[in-house]
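Treat the numbers as computed from the prediction; the structure is a model and nothing was measured. Positions are given from 1, in the same order as the sequence printed here.
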Amino acid sequence: MNPTLELMQEHRSVRSYQDKPIPAEVLDAVLDAAWKGPTSINGQQVTLVVVQDAERRRKIAEIAGGQPWIAQAPVFVAIVPDFYKTRIGVEKAGSEQVIHNSVEAFAVGAVDAGIALGNLMTAARSAGLSVVPIGGIRRDPQAMVELLELPELTFPLVGVVLGYADQDSAIKPRLPRASFVHRERYQAAELPAMIAQYDAAIMDYWKSIQRADGQPWSANTAQYYRNVYFPQVAPVARKQGFGFDQ
């Protein structure tokens, strides 16, 4: 197996960081890995907002629900679907942008933001950094809009912490591979047994790292998915100019 595959298959989210700064040339190389990634129709409808100021990172840690590693690590990158930028281009071509009034726009923006996030994490880890993705900025997206001074037709979808690990993390087990890789068609019949198997495996993992509060995967997932746990996403997205009627 080549080093890139090994790196990607050993992913772990790290939540303990040194305050050691990232050299500018390293950070720029990592950011360029996301910049050069693919986007739908080459629309390039993603923008990164790089936050290094300590006070601003502290505010983001609060916005995200109290995640101290955001304040600990030297860099936080917000990944922003950006149809403000594309609208400028569309108007330059003499047309009117309407895509932002559709679910498709939010889907395209989310897919391209996910590609950028994946590239950032792989590039950062290949450069000796540790990472943890942060969806918690959607807990209060309006606060993020204001903090980052985001224009209309943009949305703070996800972020990622970059830095040098203080304490590394163990690799968390995953659901069985057959629950993830389906051949030719979706294979539903075996999922209940695989989920039961994984619930037992992850409880063993929690015990191995002495996490007394660890739950089975099914119970942990239910804790979030029985509610809309970030209910401000739709109203703030609409306030930012996105529509979901098409």
Short side-chain to backbone donor-acceptor contact, R138 and P156, under 3.5 Å: no
Under 3.5 Å donor-acceptor, S179 side chain and P176 backbone: yes
Between Q97 and T86, a side-chain donor and acceptor under 3.5 Å: yes
Q142 and D140: side chain donor to acceptor below 3.5 Å: no
Main-chain N/O of W206 paired to R211 side chain as donor or acceptor, under 3.5 Å: no
All ring-ring contact (aromatic ring centres under 6.0 Å, His included) counterparts of Y205, not counting sequence neighbours: none
Side-chain H-bond candidate by donor/acceptor type, D199 with S218, under 3.5 Å: yes
Close side-chain approach of V161 to V131, heavy-atom, < 4.5 Å: no
Nearest heavy atoms of A188 and P192, plus distance in Å: O-CD, 3.9 Å
Main-chain N/O of G118 paired with T122 side-chain donor or acceptor, under 3.5 Å: yes
Salt bridge present between E55 and R58 (N-O < 4.0 angstrom): yes
Criterion side chain to side chain contact (heavy atoms under 4.5 Å, CB included) on W217 and I195, from CA distance to verdict: CA-CA 8 Å; W217 174 82; I195 289 170; 3.8 Å; yes
Check: S13 and H11 side chains under 4.5 Å, non-hydrogen atoms: yes
Polar side-chain atom of H100 near backbone of L153 as donor-acceptor pair, under 3.5 Å: no
Any donor-acceptor N/O pair, D166 side chain to S16 backbone, under 3.5 Å: no
Working for side chain to side chain contact (heavy atoms under 4.5 Å, CB included), residues I99 and E104: CA-CA 7 Å; I99 188 67; E104 173 63 14; 4.1 Å; yes
Shortest non-hydrogen contact between G163 and P74, atoms and distance: CA-CD, 3.8 Å
Side chain to side chain, M121 and P133, heavy atoms closer than 4.5 Å: yes
Heavy-atom donor-acceptor pair, D32 side chain to W35 backbone, under 3.5 Å: no
Y229 and Y225 aromatic ring geometry - parallel, tilted or perpendicular at 30°/60° bounds: parallel
Side-chain (Q18) to main-chain (A165) donor-acceptor, under 3.5 angstrom: yes
Pairwise side-chain contact, L31 with V50, heavy-atom cut-off 4.5 Å (strictly under): yes
Side-chain donor-acceptor contact under 3.5 Å, D112 with Q45: yes
Worked verdict on L150 versus V49 for side chain to side chain contact (heavy atoms under 4.5 Å, CB included): CA-CA 9 Å; L150 298 180; V49 181; 4.2 Å; yes
Euclidean distance, I115 CD1 relative to T39 OG1, rounded to 0.5 Å: 8.0 Å
Residues which pass salt bridge (charged side-chain N to carboxylate O under 4.0 Å, His left out) with E96, listed by chain and number, not counting sequence neighbours: none
Derivation and outcome, salt bridge (Lys or Arg N to Asp or Glu O under 4.0 Å), residues K239 and E152: CA-CA 8 Å; K239 186 177 179 181; E152 62 181 343; over 6 Å; no
D19 side, atom CG; Y164 side, atom OH - distance, nearest 0.5 Å: 12.5 Å
same_hphob_cluster(V132, V75) at 4.5 Å side-chain heavy-atom cutoff: no
For the student: nearest non-hydrogen atoms of N119 and G37, plus distance: ND2-CA, 3.6 Å
Same apolar cluster: I22 and L117, side chain cutoff 4.5 Å: yes
Same apolar cluster: L148 and F83, side chain cutoff 4.5 Å: yes
Test item: I134 and V160 side chains (from C-beta on) under 4.5 Å apart, heavy atoms: no
Side-chain donor-acceptor contact under 3.5 Å, Q215 with Q223: yes
Contact summary for G135 and F230, nearest pair of heavy atoms: O-CE1, 3.5 Å
Atom pair CD (Q167) and CZ (R15), whose distance is rounded to the nearest 0.5 Å: 13.5 Å
Residue pair P235 / P231: nearest heavy atoms and the distance that separates them: CD-O, 3.3 Å
Where P81 and G109 come nearest, the two heavy atoms and their spacing: CG-O, 3.7 Å
Q72 side, atom CD; R57 side, atom CZ - distance, nearest 0.5 Å: 10.0 Å
Cluster overlap I79 with I60, hydrophobic side-chain contacts below 4.5 Å: no
Test item: Q67 side-chain N/O and A64 main-chain N/O as donor-acceptor pair under 3.5 Å: yes
T47 side chain near Y84 side chain, heavy-atom distance below 4.5 Å: no
Criterion side chain to side chain contact (heavy atoms under 4.5 Å, CB included) on K92 and I88, from CA distance to verdict: CA-CA 6 Å; K92 181 178 184 298; I88 292 171; 5.6 Å; no
Any donor-acceptor N/O pair, Y198 side chain to P173 backbone, under 3.5 Å: yes
CZ-CG distance between R12 and D168, expressed to the nearest 0.5 angstrom: 5.0 Å
R174 CZ to R177 CZ distance, which is reported to the nearest 0.5 Å: 13.5 Å
Beyond-backbone contact of I137 with F76, side-chain heavy atoms, under 4.5 angstrom: yes
Pair F106 + F155: ring centers closer than 6.0 Å: yes
Contact check, side chains of Q240 and V145, non-hydrogen atoms, under 4.5 Å: yes
Cluster link L157 to V233, ILVMFWY, side chain under 4.5 Å: yes
